[in-house]
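Below you'll find the structure, written out as structure tokens, and then a few comments.
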Amino acid sequence: MKYIYLLLLPLLLSCSNDESLDIIGATEEFILESSIINDSYPIYVYLPENYSNDSSNKLIIGLDGDTRFNAIANIISDKTRNGSMPPSILISIGNNENRNRDYTPTSYEHGTGGANNFYQFIKEELIPELESRYNVDSSNNKTLIGHSFGGLFTQYIMAQNRQDNPFDKFIASGTSYWYDSGIIFEYEQDYANENIDLDVTFYNGMGTLEGGVMLASFEEMNERIDNRNYQNFKHKNELIEKSGHAGSANTIFKKGLDYVFSN
């Protein structure tokens, strides 16, 4: 595994995908080469205002970093500054052009099923690199955020073994439940067959203007996991009114961060 250091942008970054954003804190970017996947990933880093190596910080990992880093960093910047969430480092993983490989759990018409390898990359290569660079809480209490195929990956990871899962907070937006004829429901069922508890906090959001299949699948997944009656499972699902697939994402990220850091 190799990395290439690219740049440090101190204190204020103003740029966006859809709007002008002011991020208070510091940002860094480096490239991490994965021997597991045999590919390289731009890693976008947000450090909270007054970041210090003397204090431990929560770690939030977001997907689709090439396009979503600025919006999520802005949300976290606001929330840490006003005290609604603890000091947190955001890591956004780039290389969006390979999301159909990395975020999909099975090989299907629109993806090649590389989610398990990508998960191993996060656990075995990315997180150790981050822990060597930054003062992050090393407990398995990290947060994972994803939209669309990223939401699919987020819920796939939530259904993985809890013993070595670095995440216990999950935010899924506009999840592609349709992928491979609803394969994510099989992973949810497999987890339920083998476990009596799911000790995580999960926020699941979707826009009301999504298609009928998406909304029906969203409702079905929420009902299924609630009906498991896991003792330590915390879950909120929410429909974002008058919002479609892309337009709901930032609202879901905001609401999701509020929820997972208040429970």
Side-chain angles (χ1 to χ4, degrees), residues 36-37 61-64 93 96 98-124 126 140 142-207 210-239 245 248-249 252 256 259-260:
I36 294 173
I37 302 176
I61 294 182
L63 305 175
D64 289 319
I93 308 171
N96 294 12
N98 284 311
R99 66 197 307 274
N100 289 18
R101 176 195 65 194
D102 292 338
Y103 301 169
T104 55
T106 54
S107 181
Y108 182 58
E109 182 180 357
H110 300 287
T112 57
N116 184 62
N117 282 343
F118 191 62
Y119 181 38
Q120 299 309 312
F121 158 70
I122 291 173
K123 288 198 302 180
E124 298 176 18
L126 176 61
N140 289 341
K142 299 167 180 58
T143 303
L144 183 63
I145 302 177
H147 173 73
S148 194
F149 269 10
L152 179 70
F153 179 80
T154 297
Q155 294 190 51
Y156 169 76
I157 300 309
M158 192 172 73
Q160 301 305 301
N161 188 301
R162 293 301 314 150
Q163 281 65 40
D164 63 351
N165 195 319
F167 301 99
D168 73 348
K169 293 178 281 294
F170 299 86
I171 300 170
S173 167
T175 297
S176 301
Y177 289 114
W178 55 266
Y179 183 81
D180 197 0
S181 303
I183 190 67
I184 192 62
F185 289 92
E186 295 185 22
Y187 286 102
E188 188 280 330
Q189 183 66 57
D190 289 344
Y191 181 90
N193 290 343
E194 299 176 3
N195 298 273
I196 61 173
D197 199 8
L198 179 57
D199 188 7
V200 305
T201 304
F202 175 41
Y203 182 90
N204 197 13
M206 185 170 285
E210 294 269 20
V213 172
M214 289 278 282
L215 292 170
S217 298
F218 175 78
E219 181 178 357
E220 179 183 352
M221 179 60 81
N222 292 316
E223 289 180 356
R224 283 177 59 148
I225 54 178
D226 283 342
N227 289 337
R228 303 295 183 194
N229 294 316
Y230 296 123
Q231 182 177 357
N232 293 298
F233 182 58
K234 302 178 185 68
H235 172 224
K236 181 177 182 179
N237 65 86
E238 193 166 2
L239 289 169
H245 187 65
S248 61
I252 291 168
Y259 179 72
V260 301

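A pairwise comparison of heavy atoms in Y187 and A159 identifies O-CB, 3.8 Å as the closest pair. Here the shortest heavy-atom pairing between P105 and L152 reads CD-CD2, 3.7 Å. Taking each heavy atom of I37 and D102 in turn, the nearest pair found is CD1-OD1, 4.3 Å. Between N204 and Q155, the closest heavy-atom pair is OD1-NE2, 3.7 Å. Taking every heavy atom of both residues into account, A249 and S173 meet most closely at CA-OG, 3.6 Å. What you find for Y103 and F149 is that their closest heavy atoms are CB-O, 3.5 Å.
T104 places a side-chain N or O within donor-acceptor distance of the main-chain N or O of G113, the cut-off being under 3.5 Å. At least one donor-acceptor pair closer than 3.5 Å links the side chain of R224 to the backbone N or O of F185. A donor-acceptor pair is defined here as one N or O able to donate and one able to accept, closer than 3.5 Å; such a pair exists between the side chain of D197 and the backbone of N232. In this structure, N165 contributes its side chain and I157 its backbone to a donor-acceptor pair below 3.5 Å.
Aromatic ring orientation, F118 versus F153: perpendicular (interplanar angle above 60°, classes split at 30° and 60°). In this structure, H110 and W178 have perpendicular ring planes: the angle between them is above 60°, well past the 30° mark. The aromatic rings of H245 and H147 sit tilted, their planes meeting at an angle between 30° and 60°. Under the 30°/60° scheme for interplanar angles, the aromatic rings of Y203 and Y259 are found to be tilted.
Within the 4.5 Å cutoff, the side chain of E219 has no heavy atoms near those of the L215 side chain. A heavy-atom distance below 4.5 Å is found between the side chains of I184 and Y177. With contacts defined as side-chain heavy-atom distances shorter than 4.5 Å, the pair T154/I145 does not qualify. A 4.5 Å side-chain heavy-atom check between V200 and K234 finds every atom pair outside the cut-off. Here the side chains of I183 and Y156 are not in contact, with every heavy-atom distance at 4.5 Å or above.
Rounding to the nearest 0.5 angstrom, the gap separating the OG1 atom in T143 from the CD1 atom in I171 is 6.0 Å. Rounding to the nearest 0.5 Å gives a distance of 9.0 Å between CG of N237 and CD of E223. Put simply, CD on E124 and CG on N117 are 10.0 Å apart, with the number rounded to the nearest 0.5 Å. How far CG of D64 is from CG of N96: 4.5 Å, rounded to the nearest 0.5 Å. Going from atom CG of N195 over to atom CZ of R228 covers 11.0 Å, rounded to the nearest 0.5 Å.
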**Stepwise side chain to side chain contact (heavy atoms under 4.5 Å, CB included) check, D168 with N140** = CA-CA 7 Å; D168 73 348; N140 289 341; over 6 Å; no

**Message:** Checking L239 against M206 for the side chain to side chain contact (heavy atoms under 4.5 Å, CB included) test, could you report, in this order, the C-alpha distance in whole Å, the side-chain angles of both residues, the deciding distance, and whether it holds?
**Reply:** CA-CA 5 Å; L239 289 169; M206 185 170 285; 4.2 Å; yes

**Prompt:** Do E188 and I225 pass the side chain to side chain contact (heavy atoms under 4.5 Å, CB included) test, and can you show the C-alpha distance, the side-chain angles, and the key distance before you say yes or no?
**Reply:** CA-CA 8 Å; E188 188 280 330; I225 54 178; 3.6 Å; yes

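Side-chain atoms of Y191 and Q160 form no donor-acceptor pair, as typed in the model, at a separation below 3.5 Å. At a cut-off of 3.5 Å, with distance as the only test, a side-chain donor of Q189 or N193 sits close to an acceptor on the other residue.
Every ring pair (Phe, Tyr, Trp, His ring centres under 6.0 Å) that H235 has, sequence neighbours left out, goes to F202, F233.
Electrostatic pairing of R162 and D199 does not count as a salt bridge here, judged by no charged N lying under 4.0 Å from a carboxylate O.
Cation-pi geometry between K123 and Y119 is met: under 6.0 angstrom from the ring centre, within 45 degrees of the axis.
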